[in-house]
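This report refers to the structure that appears directly beneath it.
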Amino acid sequence: MRIMVTGGAGFIGSALIRHLIAHTEHSVLNFDKLTYAGSLTTVDTVANNARYTFVQGDICDSDAVRSAIGEFRPDIIAHLAAESHVDRSIDGPGAFIQTNLVGTYIMLAETLAYWQELKDVAKASFRFHHISTDEVYGSLGKDGLFTEDTSYDPRSPYSASKAGSDHLVSAWGHTFQLPVLITNCSNNYGPYHFPEKLIPLIIAKALDGEDLPIYGKGDQVRDWLYVEDHARALQAVLENGEPGRTYNIGGHNEKQNIEVVRTLCAILDVLRPRSDGNSYDSQITHVADRPGHDLRYAIDASRIAAELDWTPQETFESGIRKTVEWYLENEAWWRPLVKANAARRRGITN
Ligand code: NAD
């Protein structure tokens, strides 16, 4: 199949592309604006593959989207391009409204025009897959899990913009019969994660001997999913998902932020001990909590397990160790990004 991936130079999009090129026969178009969050270094390993093409373009630019779709003629569009960082959505929500809402509308409008002209067989097998977040469901108390039937209750400008884009996708399915799929996924981690997010930022700061500032008590719970497990889940959904259906994707790995940070410190203590013999956890400090910080997210991923036979392969312990090893071996990738973003950091984020 021919799969157009928007946002393919970002963290999850690039993992999906590397996975599709390595493990399938599909051809892939990477359509990405290359914002601060996108880098072609994330797809270096597939850049010379004959089944891979890159087009630099903005999902808010109808002409660019139309011509990319018209030339590539996708069987599937996997839409990941977005503004994705909660802290940035608090500092500047406008870009989130523009990219996540207006950009998704433009993707839908151009996709619909293309899809309506397809022949019957191609029209029936076409899919528009929106990659979204569990944050649309709001915040859980100590118990319970988000299912696909949980009501939307977004709390941050980021999650509100993703909730809105999910609703647009769903509306295009209901109103125009566009064959749409939506996946809502928990927090991802793994290689090529932009170093402003919790796990890579902690690794970078720890190695540089800086404070490791934790929002509040660090008792917020997130359900962590290794990014390559997410890429396998996305392949399962875009190949075999039922149009109009939503699938939750989660790692069955609920951890408090403070536990995640202590685990990273313990692994670094073994793999790259501090020269003074102290543990990296002596660098932990606590800062004022993020405004509106959601307490707990946790996913019930039983639908995708039962219907599409997907479960995560990595445990948190195996995935986090692989991740630390990757960051230790790939300082040349993340150091320039840390430098460029140093000015704007105000605390630990996820
Ligand atoms: P990311 O910020 O790492 O990457 C986003 C990519 O989109 C970048 O390559 C960027 O250049 C591109 N982009 C941004 N605006 C664009 C535009 N206007 N036109 C074209 N390209 C543009 O994000 P990510 O963490 O890889 O997340 C990908 C998707 O998955 C997002 O939609 C996000 O909401 C969703 N998601 C992320 C997580 C997570 O833990 N990171 C969890 C669940 C869902």
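All values derive from a computational prediction rather than experimental measurement.
Ring planes of W334 and Y327: tilted class, angle from 30 to 60°. F316 and W224 have tilted rings, their planes meeting at an angle from 30° to 60° on a 0 to 90° scale. Using the six-membered ring where Trp is involved, F146 and Y297 have ring planes that are tilted, between 30° and 60° apart.
Here the closest non-hydrogen pair linking H26 and M1 is ND1-N, 3.1 Å. In this structure, E314 and G319 approach most closely via the heavy-atom pair OE1-N, 3.7 Å. What you find for Y158 and V86 is that their closest heavy atoms are CD2-CG2, 3.7 Å.
Looking at M4 and F31, their side chains come closer than 4.5 Å, going by heavy atoms from C-beta outward. Side-chain contact check for N187 versus D223: every heavy-atom pair is 4.5 Å or farther apart. Under the 4.5 Å side-chain criterion, counting only non-hydrogen atoms from C-beta, P154 is not in contact with K162. The closest side-chain heavy-atom distance from L201 to K197 is not below 4.5 Å. No side-chain heavy atom of I258 sits under 4.5 Å from any side-chain heavy atom of D219. For the pair L238/I3, a side-chain contact is recorded, criterion being any heavy-atom separation below 4.5 Å from C-beta on. Within the 4.5 Å cutoff, side-chain heavy atoms of V324 are placed close to those of L271. Taking the side chain as every heavy atom from C-beta outward, Y189 and L198 never approach each other to under 4.5 Å.
Panel note: side chain Q98, backbone C60; no donor-acceptor pair is recorded below 3.5 Å. No donor-acceptor pair closer than 3.5 Å links the side chain of N49 to the backbone N or O of A47. Between the side chain of H193 and the backbone N or O of P200 there is no donor-acceptor pair closer than 3.5 Å. Without hydrogens or angle criteria, T24 side chain to L20 main chain gives a donor-acceptor distance under 3.5 Å. No donor-acceptor pair under 3.5 Å is formed between the side chain of T99 and the backbone N or O of F96. In terms of modelled atom types and a separation under 3.5 Å, the side chain of N188 and the main chain of S186 share a donor-acceptor contact. A donor-acceptor pair is defined here as one N or O able to donate and one able to accept, closer than 3.5 Å; no such pair exists between the side chain of E83 and the backbone of A95. Side chain of R88 to backbone of P93: no donor-acceptor contact under 3.5 angstrom is found. Between the side chain of D294 and the backbone N or O of R296, no donor-acceptor pair lies under 3.5 Å. Side-chain N or O atoms of D75 include none that pairs as donor or acceptor with a backbone N or O of F126 at under 3.5 Å.
Environment of CZ in F54: crowded, with over 12 heavy atoms of neighbouring residues, nucleotides or ligands closer than 6.0 Å. Within a 6.0 Å sphere centred on CG of D276, other residues, nucleotides and ligands contribute more than 12 heavy atoms.
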Task: Check against ring-ring contact (aromatic ring centres under 6.0 Å, His included), W326 and W333 - done: CA-CA 10 Å; W326 189 88; W333 181 79; 5.6 Å; yes

Open item on the list: Please evaluate residues Y192 and N330 with respect to the criterion side chain to side chain donor-acceptor pair (under 3.5 Å), reporting the C-alpha separation (whole Å), side-chain torsions for both, the decisive distance (0.1 Å), and the verdict.
Closed with: CA-CA 9 Å; Y192 297 105; N330 290 279; 5.7 Å; no

TODO: Apply side chain to side chain donor-acceptor pair (under 3.5 Å) to the pair T42 and S39, showing each step before the final yes or no.
DONE: CA-CA 6 Å; T42 60; S39 167; 5.6 Å; no

- [ ] Tell me, with the steps shown, if D166 and N184 meet side chain to side chain donor-acceptor pair (under 3.5 Å).
- [x] CA-CA 9 Å; D166 281 357; N184 295 92; 3.1 Å; yes

TODO: Give the intermediate values and the outcome of side chain to side chain donor-acceptor pair (under 3.5 Å) for residues E228 and H19.
DONE: CA-CA 8 Å; E228 291 172 14; H19 174 82; over 6 Å; no

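Considering CD1 of I267 and CD1 of I203, their distance stands at 8.0 Å, rounded to 0.5 Å. The distance from the CG atom of D309 to the OG1 atom of T311 is 7.0 Å, given to the nearest 0.5 Å. Interatomic distance, OG1 of T104 versus CD1 of I59, reported as 5.0 Å (0.5 Å rounding). Between the CG atom of N248 and the OG atom of S302 there is a distance of 8.5 Å, given to the nearest 0.5 Å. Interatomic distance, Y247 OH to I304 CD1, rounded to the nearest 0.5 Å: 8.0 Å. To the nearest 0.5 Å, atom CD of residue Q220 and atom CG of residue D289 are 5.0 Å apart.
Using a 4.0 Å cut-off between a side-chain N of Lys or Arg and a carboxylate O of Asp or Glu, D229 and R232 qualify as a salt bridge. A salt bridge between E317 and K255 is present, with a side-chain N of the basic residue lying under 4.0 Å from a carboxylate O of the acidic one. Classification of R272 and E331 as a salt-bridged pair holds, one side-chain N sitting under 4.0 Å from a carboxylate O. Salt-bridge check for E117 with K123: failed, with every basic side-chain N at 4.0 Å or more from each acidic carboxylate O. Look at R335 and D208 and you find a salt bridge, because one of the NZ, NE, NH1 or NH2 atoms lies within 4.0 Å of a carboxylate O, short of that distance. Contact check on E135 versus R155 returns no salt bridge, with no Lys/Arg side-chain nitrogen under 4.0 Å from an Asp/Glu carboxylate oxygen.
Cation-pi check for R2 over F72 is met; the charged atom lies under 6.0 angstrom from the ring centroid and within 45 degrees of its normal. A cation-pi arrangement is absent between R290 and Y215 under the rule of less than 6.0 angstrom and at most 45 degrees off the ring axis. Taking the centre and axis of the six-membered ring of Y280, the NZ or CZ atom of R262 falls outside the cone set by 45° and 6.0 Å.
The residue from T285, D281, I284 that alone fulfils the side-chain contact (heavy atoms from CB on, under 4.5 Å) condition with L212 is I284. Between N100 and the choices S161, S159, S84, S165, the side-chain hydrogen bond (donor to acceptor under 3.5 Å, both in side chains) rule is met once, by S161. Remark: of the listed residues L29, I69, V5, T111, I69 is the sole one forming a side-chain contact (heavy atoms from CB on, under 4.5 Å) with P74.
Applying the salt bridge (Lys or Arg N to Asp or Glu O under 4.0 Å) rule to pairs touching residues 32-54 yields K33-D58, sequence neighbours excluded.
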